[in-house]
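Sequence positions, counted from 1, serve as the residue numbers for this chain.
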Amino acid sequence: MSDGGPLLETVGLEKHFPLTRSLGEMVGRQPARAIHAVDGVSIRVETGETLGLIGESGSGKTTLGWLIARLHQPTGGEIRFAGEEVSHLKRRALRAWRRNVQIVFQDPVGSLDPRLRVWQIVGEPLRAQEGMRRREVRETVRQLLPTVGLPQDCLDQYPHEFSGGGRQRLSLARALSVRPRLIVLDEPTSALDVAVQAQILNRLVELQRERSLSYLLITHNVAAVRFAADRVAVMYLGQIVEYGAVRELLEHPVHPYSKALLAAVPVPDPSRRRTRYRIGGDIPSLVDPPPGCRFAPRCPFVIERCRVEDPPLLPFGGTGRLVACHRADEVRDIPPEVLLATDAPTPSAAPAAALAAGPVR
């Protein structure tokens, strides 16, 4: 067990997905190729903390979440949970450890078996981890449902009888059933309308207070991160490019990619006019990516060093901020107005102004 350290820490975590081998690779004339979905990611999550993870689609956010939940086997690096290295756990040891980390998937329809009733879906982890019998499972699930805002008399209903918000509450109840210490939330509000988004996010914050839960909140929704997270990491093509306290990073981004990403967020105020700034250039391939900064082909501040030397994630500003940019000191105060071009990362629209107002902590 840890002694005052972080609940979760990844060190140089990698996940490479091999491509179908060509004839040249099979005879040894060409090197094997792979998609570098996650490439050297180091993050940490404290007990009772929410870490937001934002970035474009395809940046590796979901893959990172699945690695942390051990639904993927890492290619390299380490996953430390409460001080224990868990990336190489197998079979019984892995099964016993899974009760510590649960996941709420982005698509509740696809992650809930339509043939099972509510008590069976929510009770699956209880049967797997606790070996409970049917009667015990039903009673435990009955007591758990009000925790996520569902009535106790829905035990024998099927997933299709619920709305999108109801199905997401079922997913959350299933994750909570074995009392985990960390929950990976993969786009938990993406399929919900604005009012239900607010309900789900408020309930997540309340549960965190009640149970000292930690969250990894993976989302395109910057307003949800502002509302619920303590710290935020910005991910681009498999790497973390900026990391820091949520308000400081969202209001004063340093990395050029963070500036462009946040400048693209719509403002929930019809009376306020705002220019949508854009960046250009070609997105590098994740198949055997070239050396240097992966944002270099799109960055308006690129220099030759950026093209040949991968910038490490280093402390910046003395406030716990980490930035992976060779020119961080030079571009920190440059407003996003200079990020002119043709292509832009576009996060999802912000939820209601109530969410944009900030966290309820």
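Put simply, the side chain of Leu204 does not reach to within 4.5 Å of the side chain of Thr50, judged on heavy atoms. Counting heavy atoms from C-beta outward, Leu145 and Arg169 have side chains that stay 4.5 Å or more apart. Side-chain contact between Asp39 and Arg294: present, with at least one pair of heavy atoms (C-beta onward) separated by less than 4.5 Å. Annotation: side chain of Asn100 is not in contact with side chain of Val178 (no heavy-atom distance under 4.5 Å). Put simply, the side chain of Leu7 does not reach to within 4.5 Å of the side chain of Val45, judged on heavy atoms. Side-chain contact between Gln73 and Lys90 is present, with at least one heavy-atom pair separated by less than 4.5 Å. Cys299 places none of its side-chain heavy atoms less than 4.5 Å from the side chain of Tyr257.
Relative ring orientation between Phe295 and Tyr236 is described as perpendicular, the plane-to-plane angle rising above 60° on a 0-90° scale split at 30° and 60°.
Here the side chain of Glu84 pairs no donor or acceptor atom with the backbone of Ile79 at under 3.5 angstrom. A donor-acceptor pair is defined here as one N or O able to donate and one able to accept, closer than 3.5 Å; no such pair exists between the side chain of Arg181 and the backbone of Phe81. When atom types are taken as modelled, the side chain of Lys259 and the backbone of Arg332 share a donor-acceptor pair closer than 3.5 angstrom. The closest donor-acceptor contact from the side chain of Glu49 to the backbone of Glu46 lies under 3.5 Å. Side chain of Glu330 to backbone of Arg327: no donor-acceptor contact under 3.5 angstrom is found. Checked by atom type and distance alone, the side chain of Arg167 never pairs as donor or acceptor with a backbone atom of Glu161 at under 3.5 Å. Without hydrogens or angle criteria, His88 side chain to Glu78 main chain gives no donor-acceptor distance under 3.5 Å. Of the possible donor and acceptor atoms, none in the side chain of Gln199 sits under 3.5 Å from a partner among the backbone N and O of Val194. Under the 3.5 Å distance criterion, the side-chain polar atoms of Glu242 are matched with a main-chain donor or acceptor of Val254. Of the possible donor and acceptor atoms, none in the side chain of Ser212 sits under 3.5 Å from a partner among the backbone N and O of Gly48.
There is a side-chain donor-acceptor pair under 3.5 Å between Glu139 and Gln143. No donor-acceptor contact under 3.5 angstrom links the side chains of Thr189 and Glu187, judged on distance only. Between His220 and Ser57, the side chains place a donor N or O and an acceptor N or O closer than 3.5 Å (distance only, hydrogens not considered).
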Report the C-alpha separation of Gln106 and Ser111 in whole Å, then their side-chain angles, then the decisive distance to 0.1 Å, and conclude whether the side chain to side chain contact (heavy atoms under 4.5 Å, CB included) test is met. CA-CA 8 Å; Gln106 178 175 357; Ser111 63; over 6 Å; no
Would Gln197 and Asn221 count as a side chain to side chain contact (heavy atoms under 4.5 Å, CB included) here? Give the steps. CA-CA 11 Å; Gln197 285 184 38; Asn221 194 328; 3.4 Å; yes
I'd like to know whether Ile43 forms a side chain to side chain contact (heavy atoms under 4.5 Å, CB included) with Ile68, so could you lay out the CA-CA distance, the side-chain angles of the two residues, the decisive distance to 0.1 Å, and finally the verdict. CA-CA 11 Å; Ile43 60 171; Ile68 290 170; 4.0 Å; yes
Give the C-alpha distance, both sets of side-chain angles, the deciding distance and a yes or no for salt bridge (Lys or Arg N to Asp or Glu O under 4.0 Å) between Arg247 and Asp230. CA-CA 8 Å; Arg247 284 193 178 275; Asp230 301 288; over 6 Å; no
Begin from the C-alpha positions of Val104 and Val184 and carry the test side chain to side chain contact (heavy atoms under 4.5 Å, CB included) through to its verdict. CA-CA 6 Å; Val104 174; Val184 177; over 6 Å; no
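Taking 4.0 Å as the cut-off between side-chain N and carboxylate O, Glu210 and Arg203 count as a salt-bridged pair. A salt bridge links Arg99 with Glu130: at least one charged nitrogen is closer than 4.0 Å to a carboxylate oxygen. Between Arg133 and Glu136 there is no salt bridge, since none of the side-chain N atoms of the basic residue sits less than 4.0 Å from a carboxylate O of the acidic one.
Atom CD1 of residue Ile183 and atom OG of residue Ser171 lie 11.0 Å apart, to the nearest 0.5 angstrom. Here the CG atom belonging to Leu249 is positioned 9.5 Å from the OG1 atom belonging to Thr319, to the nearest 0.5 angstrom. Rounding to the nearest 0.5 angstrom, the gap separating the SG atom in Cys293 from the CG atom in Asp310 is 7.0 Å. Interatomic distance, Lys61 NZ to Thr219 OG1, rounded to the nearest 0.5 Å: 8.0 Å. Atom CZ of Arg138 is separated from atom CZ of Arg142 by 6.0 Å, given to the nearest 0.5 angstrom. Going from atom OG1 of Thr140 over to atom CG of Leu144 covers 8.5 Å, rounded to the nearest 0.5 Å.
Checking Val141, Leu155, Leu170, Val118 one by one against Leu150, the side-chain contact (heavy atoms from CB on, under 4.5 Å) holds for a single residue, Leu170.
Applying the ring pair (Phe, Tyr, Trp, His ring centres under 6.0 Å) test to pairs two or more places apart or on separate chains, none has a residue in residues 110-159.
Residues satisfying the side-chain contact (heavy atoms from CB on, under 4.5 Å) criterion with Leu322, sequence neighbours excluded, are Tyr243, Leu313, Pro315.
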